[in-house]
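Take a look at the structure set out below.
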Amino acid sequence: MRDFTFYAPTEIIFGAHAEETAAEAVKKYGGTRVLVIYGGQSAVKSGLLKRVEKSLSAAGLTVKTLGGVQPNPTLSFARKGVLSAIASQADFILAVGGGSVIDTAKAVAIGAAEPHRDIWDYWLGKAPVRQALPVGCVLTISAAGSETSDSAVLTDDARKDKRGINTPFNRPRFALMNPELTFTLSPKQIACGVTDILMHTLDRYFTPMQGNELTDALAEALLRTVIHYGPLAVQKPTDYHAQSELMWAGSLSHNNLTGLGAEKEFAVHQLGHELSGRFGVAHGESLSAVWKAWALYVYKEDPARFARYACNVWHVETITDADTAARKGIENTAQFFASLGMPTSLPELLGRPLSFEELYELADKCSRGGKRTVSKLKPLAKEDLLRIYTAANQ
Ligand code: NZQ
Ligand code: ZN
């Protein structure tokens, strides 16, 4: 096991009615003037936004709202949010929504704390994040794990570049997690969330690290749980038990618990971000579309690890040889995504195969013009990324 620091400071209030504690939680973390950020329509339609707003005002807090965050949230909207936070002298940002809303709230919190600097500088690595306003969230979809993660992902809408940053300043102070708030999700959104939750652990599990037993066992338990409850939630979005298992798994899958003591990988996420940035597809489906092509490309680096995954997660029993078991585990995973209605190739994702030029552009961007490799299990240079995108294009 490698040395590690585990820092997961977000206070989690979990269960039915969790959102009713919003005012108390904001006050506990020093908020007096709150900018509430939300998405398109779901929080308005369900009445959640009104309820939260009312409870904040009733507790004597000054409240301003900013709606309109789109999935794959944009830099231009986040900049607008920074101006709004400054104009209202907000000292607390409350996100009501999913990963897109929470990531926008994180960006606004960083931007409003240092108004003289353009927020994209941080995403481009031109400046370190040194401060941020406190952020809290009312979670409405189990997926991105942003409610406890140290990351925030934005898309530069002018250049179609999707980028994330990791900083401890991105950790929300609290996450209010009521599984009932996810009952209004469509089966497609739930399936995208299930895929993303799995991928946050899969992208950590397949690492060169050996002998990391507790972390591996936690990861495998999380994967089995999501594989069991994911389809139940897709079939019946009002299944409280299934939705609560997914909600808790979503947070634990991305607060670093399932990757402690190992190097961070995230190759599939990097491949997927280029697809969302270029084509605007949902995050979860960008991942399922390339996972099998990635896995088949890299598993020979460590067939025993892929065989362990097949055995402990998919109950592949008769292991004649590691290679066969590894391939069976990969196939089962792809079939699971397909059973949820998720795409497992680029033509399924986009409705057409991509041209060579398009594939090349994706690989070029993902490798930052050939200047970086992705992953430690098998460092993937531009030509490797191109081969993976090409395999996913079949
Ligand atoms: O905008 P509204 O109307 O609210 O609709 C949203 C949106 O269309 C809808 N929705 C959310 N809660 C709902 C609901 N509809 C009905 N009932 C509810 N209760 O769901 C759609 C998707 O929402 P979004 O916030 O985009 O989903 P998700 O949580 O999957 O977030 C995806 C974003 O997070 C990033 C992704 O790249 C993507 O941009 N990620 C952020 C991470 C992080 N910060 O740690 C890690 C992830 O790997 C990921 O990259
Ligand atoms: Zn993700």
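Side chains included, hydrogens not; waters and symmetry mates left out as well; all remaining heavy atoms used. In what follows, residues are counted from 1 in the order of the sequence shown. Start at 1 and go down the list; that is how both ligands and their atoms are numbered.
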Nearest protein heavy atom with distance in Å, relative to [atom]:
atom                    : value
atom 40 (N) of ligand 1 : Ala144 CB, 3.7 Å
atom 49 (C) of ligand 1 : His283 NE2, 3.3 Å
atom 26 (O) of ligand 1 : Ser100 OG, 2.5 Å
atom 2 (P) of ligand 1  : Gly40 N, 3.4 Å
atom 8 (O) of ligand 1  : Pro71 CG, 3.6 Å
atom 38 (C) of ligand 1 : Lys162 NZ, 3.8 Å
atom 28 (P) of ligand 1 : Gly99 N, 3.6 Å
atom 20 (O) of ligand 1 : Gln189 NE2, 3.3 Å

TODO: To the nearest 0.5 angstrom, please state how far the CG atom of Leu359 sits from the CZ atom of Arg387.
DONE: 13.5 Å
Show the atoms of ligand 1 that are less than 4.0 angstrom away from any heavy atom in [X].
X      : answer
Ala143 : 29 (O), 30 (O)
Thr140 : 11 (C), 12 (N), 13 (C), 18 (C), 19 (N)
His273 : 37 (O), 50 (O)
Gly39  : 1 (O)
Gln41  : 2 (P), 3 (O)
Ser149 : 43 (C), 44 (N), 45 (O)
Thr184 : 16 (C), 17 (N), 18 (C), 19 (N)

- [ ] Just give me the atom name: the N, O or S atom of Asp196 closest to the Zn ion (ligand 2).
- [x]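 Nearest N/O/S atom of Asp196: OD1.
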Does [X] pair with [Y] as a salt bridge, N-O distance under 4.0 Å?
X      : Y      : value
Lys382 : Glu274 : no
Lys126 : Asp118 : no
Lys106 : Glu147 : no
Lys160 : Glu361 : no
Lys328 : Glu331 : no
Lys378 : Asp302 : no

Task: Geometric cation-pi criterion Arg163 and Tyr122, 6.0 Å radius, 45° cone - done: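 No, a cation-pi geometry is absent between Arg163 and Tyr122.
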Could you check whether any heavy atom of [X] sits closer than 4.0 Å to an atom of ligand 1, since that is the contact criterion I want to use?
X      : value
His200 : yes
Gln70  : no
Pro73  : yes

Open item on the list: Considering Thr195, Leu48, Leu181, Ile102 one by one, which has a heavy atom nearer to atom 19 (N) of ligand 1 than any of the others?
Closed with: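 Looking at heavy atoms only, Leu181 sits closest to atom 19 (N) of ligand 1.
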Open item on the list: Judged on heavy-atom distance to atom 10 (N) of ligand 1, which of Ile190, Asp103, Asn72, Leu185 sits nearest?
Closed with: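 Nearest option to atom 10 (N) of ligand 1, by heavy atoms: Leu185.
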- [ ] Run the numbers on Thr32 and Asp91 for side chain to side chain donor-acceptor pair (under 3.5 Å), then give the verdict.
- [x] CA-CA 7 Å; Thr32 58; Asp91 58 14; 2.4 Å; yes
TODO: May I ask you to check if ligand 1 and His269 share an N or O to N or O distance below 3.5 Å?
DONE: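 The answer is yes, given that His269 and ligand 1 share an N or O pair closer than 3.5 Å.
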Open item on the list: Checking the N or O distance criterion of under 3.5 Å, is ligand 1 in contact with Ala43?
Closed with: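 N/O-N/O distance below 3.5 Å does not exist for this pair.
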Task: Over 12 foreign heavy atoms within 6.0 Å of CZ, Phe14 - done: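 Correct, the count exceeds 12.
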- [ ] Answer yes if the side chains of Ser186 and Gln189 hold a donor-acceptor pair under 3.5 Å, and no otherwise.
- [x]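 Note: Ser186 and Gln189 side chains meet the donor-acceptor criterion.
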TODO: Classify the side-chain pair Tyr299/Asp323 by whether it contains a donor and acceptor separated by less than 3.5 Å.
DONE: yes
Open item on the list: Assess the residue pair Thr201 and Ser253 against the criterion (side chain to side chain donor-acceptor pair (under 3.5 Å)); give the C-alpha distance rounded to whole Å, side-chain angles, the decisive distance to 0.1 Å, and a yes or no.
Closed with: CA-CA 6 Å; Thr201 288; Ser253 196; 2.7 Å; yes
Is it the side chain, the backbone, both or neither of [X] that has a heavy atom closer than 4.0 Å to ligand 1?
X      : result
Ser151 : both
His254 : side chain
Ser42  : both

Open item on the list: Counting backbone and side-chain atoms alike, is an N, O or S atom of His200 positioned under 2.8 Å from the Zn ion (ligand 2)?
Closed with: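 For His200, the answer is yes, given that an N, O or S atom comes within less than 2.8 Å of the Zn ion (ligand 2).
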Open item on the list: So, 2.8 Å as the limit: is an N/O/S atom of Asp203 located closer than that to the Zn ion (ligand 2)?
Closed with: no
- [ ] Could you tell me whether Tyr297 and Phe206 have their ring centroids closer than 6.0 angstrom?
- [x] no
Task: Of Leu287, Ile388, Val374, Val298, the residue whose pairing with Val268 passes side-chain contact (heavy atoms from CB on, under 4.5 Å) - done: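 Testing each of Leu287, Ile388, Val374, Val298 against Val268, the sole residue satisfying side-chain contact (heavy atoms from CB on, under 4.5 Å) is Leu287.
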Task: Exercise: identify the closest heavy-atom pair between Leu181 and Leu139 - done: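 Closest approach of Leu181 to Leu139: CD1-O, 3.7 Å.
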